[in-house]
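Encoded as structure tokens, the structure appears first; notes follow it.
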Protein chains: 2
Amino acid sequence: MLTRTPRGSSNRDSLLARGVMLWRCIADDYEQTILIGKYDNGTKLPPESEIAARYGVNRHTVRRAMAELGTRGLVRTERGIGTFVRTDKMDYPIGQRTRFSEIVAAAGHEAEGRLQGHRHEPASAEIAAHLGLKVGTDVVRLEILRAADRVPISVATTWLPAARYADAGKVFRRLQSMTRTLDHYGITGYARKWTRISAGFADAVDAGRLRLSVQRPILVVESLDVTGDGEPLLTTRGRFAADRVALTVES
Amino acid sequence: MLTRTPRGSSNRDSLLARGVMLWRCIADDYEQTILIGKYDNGTKLPPESEIAARYGVNRHTVRRAMAELGTRGLVRTERGIGTFVRTDKMDYPIGQRTRFSEIVAAAGHEAEGRLQGHRHEPASAEIAAHLGLKVGTDVVRLEILRAADRVPISVATTWLPAARYADAGKVFRRLQSMTRTLDHYGITGYARKWTRISAGFADAVDAGRLRLSVQRPILVVESLDVTGDGEPLLTTRGRFAADRVALTVES
DNA sequence: CCAACTTGTCTATTCGAATAGACAAGTACG
DNA sequence: CGTACTTGTCTATTCGAATAGACAAGTTGG
């Protein structure tokens with residue numbers, strides 16, 4: 001070990017923004033490089049010790065930065081081997097039978113759905129039209145964060161008629177899945193009726209939940225699911241991290 | 001004092017970016033609000049204690065944020081009175097007799113010029129043309145940060161012929177002023193020959209030196225000064241913080 | 001199997017961010 | 001003058017960022 005520069009100068013200064021932690025600066029620096037497309041998918045990064053030396057920081061600090069990049073879904077680390085760049089996007093098929101947990105499981109990942117919050121509210125004109133209700137009817141609103149292998153994929157706002165699904169929030173929080181929640185209400189065969197896709201930028205709240213930098217692109221997916229009888233069941237407005245997902249529409 | 005929320009929740013969460021210090025988040029939040037133009041110039045901000053309560057943080061943390069906004073030139077604090085928004089831009093007249101220290105002094109502020117670095121280098125085609133030298137001739141290059149009342153106003157790169165001003169770096173570092181540096185070489189009556197103004201965005205280095213957020217607009221001012229005899233003296237490429245300066249061209 | 005290399009985890013220490021409280025110093029107003 | 005209010009400064013404490021070092025656990029290649 002040479003370890004000069006015990007405290008000061010090096011490549012650090014060119015990154016160090018006042019009031020921003022070192023590991024965050026390093027993580028952001030790597031994110032830029034990766035998102036620019038400088039690395040191919042699967043490229044092996046240098047060993048942590050080498051990166052630490054190049055930045056003039058401790059190895060633990062680099063580990064913290066890499067952990068951050070892991071939660072952002074930009075790298076994948078394997079013990080004893082190394083850290084690899086991950087630029088492939090998860091394929092997310094959209095069709096009549098669109099179930100997050102099943103899609104993720106089919107892709108060989110671990111699905112997770114966490115309820116961020118829920119409340120009752122009167123239906124807006126748009127929500128009422130989707131669900132076939134009168135404006136102002138009581139509806140349940142759920143905010144759900146979905147992740148695959150602990151990497152956030154999407155945040156979704158879902159509305160259901162309160163008349164039948166008043167406790168949907170509590171049920172979801174326990175069962176952690178929309179499929180199982182509806183099953184709890186006796187709904188088994190439900191289907192996607194329509195899906196509308198647009199794009200935009202993540203606001204501060206969504207960016208935080210999705211562990212994205214602000215102003216990264218997102219895919220906005222609005223949809224309506226119906227019961228087997230064709231009755232409106234739930235409508236959703238989901239925001240997908242466009243850096244991590246590609247939507248495939250079945251036809 | 002009510003001081004609930006000893007550690008958690010409040011308006012904090014909506015701001016708190018992971019890896020970014022609290023005071024920085026608050027400062028950036030205020031900067032956004034100010035630059036959007038929500039406050040008129042001179043508007044009095046609420047007392048520190050009140051701001052602290054609104055964000056759910058300690059008063060010291062607010063003070064740190066306000067200190068940051070002060071160095072960015074966005075607020076001005078007066079003891080015993082309060083903190084005031086500062087959106088007025090300093091008027092910077094450009095004419096034949098353009099001397100930073102004189103302009104700033106005339107506006108009632110304290111001028112400061114700090115040398116960031118200096119070196120000799122061969123003249124590029126552009127610099128050579130400006131100074132009337134052959135390409136590759138040895139020139140002295142100075143990087144100067146200028147501030148008024150401790151608020152950074154501009155960073156400037158200045159080139160002089162090395163033949164006569166070889167030690168310009170050391171001299172400037174001692175005298176802290178271009179006017180005095182030239183005076184040291186016996187140059188008293190020099191004048192602006194031409195000025196070219198354009199605009200762009202601050203890169204990471206300039207943003208750091210000017211204490212700006214990255215990607216804030218800057219005014220790029222290229223100019224040539226000549227001696228009393230009309231001989232090319234020095235050429236400069238200055239980058240001014242557009243949020244703090246308005247250039248006035250005399251005609 | 002063994003040696004070299006890389007990531008994971010542990011302990012200890014230093015330094016600054018953030019909190020908490022108290023008081024000084026300045027201004028404004030009746 | 002004196003009270004109320006606001007900013008400035010000080011001390012003390014807690015918690016996490018960053019450093020430092022050592023070793024365990026895993027992979028690779030001879």
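For the numbers below, each heavy atom of this structure counts, side chains included, while hydrogens, waters and symmetry mates do not. The structure displayed is predicted, hence computed values, not measured ones. Order of the sequence lines sets the chain letters (A, B, ...), proteins ahead of strands, with each chain counted from 1.
The distance between atom CH2 of A:W23 and atom P of C:dG16, rounded to the nearest whole Å, is 19 Å. Look at CD on A:E78: it is 9 Å from P on D:dT27, rounded to the nearest Å. Distance B:H60 NE2 to C:dC23 P: 14 Å, rounded to the nearest Å. If you measure from atom CZ of B:R18 to atom P of D:dA17, you get 12 Å, rounded to the nearest angstrom. If you take CZ of A:R64 and P of C:dT7, they are 18 Å apart, rounded to a whole angstrom. Taking atom CZ of residue B:R24 and atom P of nucleotide C:dG16, one finds them 18 Å apart after rounding to whole Å. One atom, CZ of A:R79, and another, C1' of C:dC5, lie 14 Å apart when rounded to the nearest Å.
Donor-acceptor pairing under 3.5 Å is recorded for the side chains of B:T157 and B:R239.
Nearest nucleotide to the side chain of B:M21, out of D:dT7, C:dG8, C:dA18: C:dA18. When the nucleotides C:dA18, D:dA20, C:dG8 are ranked by their closest atom to the side chain of B:L22, C:dA18 comes out on top. Closest to the side chain of B:E48, out of C:dT7, D:dT7, C:dT19, is D:dT7.
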Full working for side chain to side chain contact (heavy atoms under 4.5 Å, CB included) between A:L212 and A:R244:
CA-CA 10 Å; A:L212 284 172; A:R244 297 170 199 157; 3.5 Å; yes
Passes side chain to side chain contact (heavy atoms under 4.5 Å, CB included), B:Y92 versus B:I103? Steps please.
CA-CA 7 Å; B:Y92 195 92; B:I103 292 169; 3.9 Å; yes
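A donor-acceptor contact under 3.5 Å links the side chain of A:R59 to the base of C:dG8.
Summary of the strand contacts: A:I81 and A:N58 both lie near DNA chain D, and taking for each the nucleotide with the nearest heavy atom, the more 5' one is attributed to A:N58.
The aromatic rings of B:Y30 and B:Y39 sit parallel to each other, their planes meeting at less than 30°, with 60° as the upper class boundary.
One finds a side-chain N or O of A:T61 lying less than 4.0 angstrom from the OP1 or OP2 phosphate oxygen of D:dT19. Look at A:R63 and you'll find a side-chain N or O under 4.0 angstrom from OP1 or OP2 of C:dG8. In terms of phosphate contacts, A:T83 brings a side-chain nitrogen or oxygen within less than 4.0 Å of OP1 or OP2 of C:dT7.
Taking a 6.0 Å sphere around NZ of A:K44, one finds it holds more than 12 heavy atoms contributed by other residues, nucleotides or ligands.
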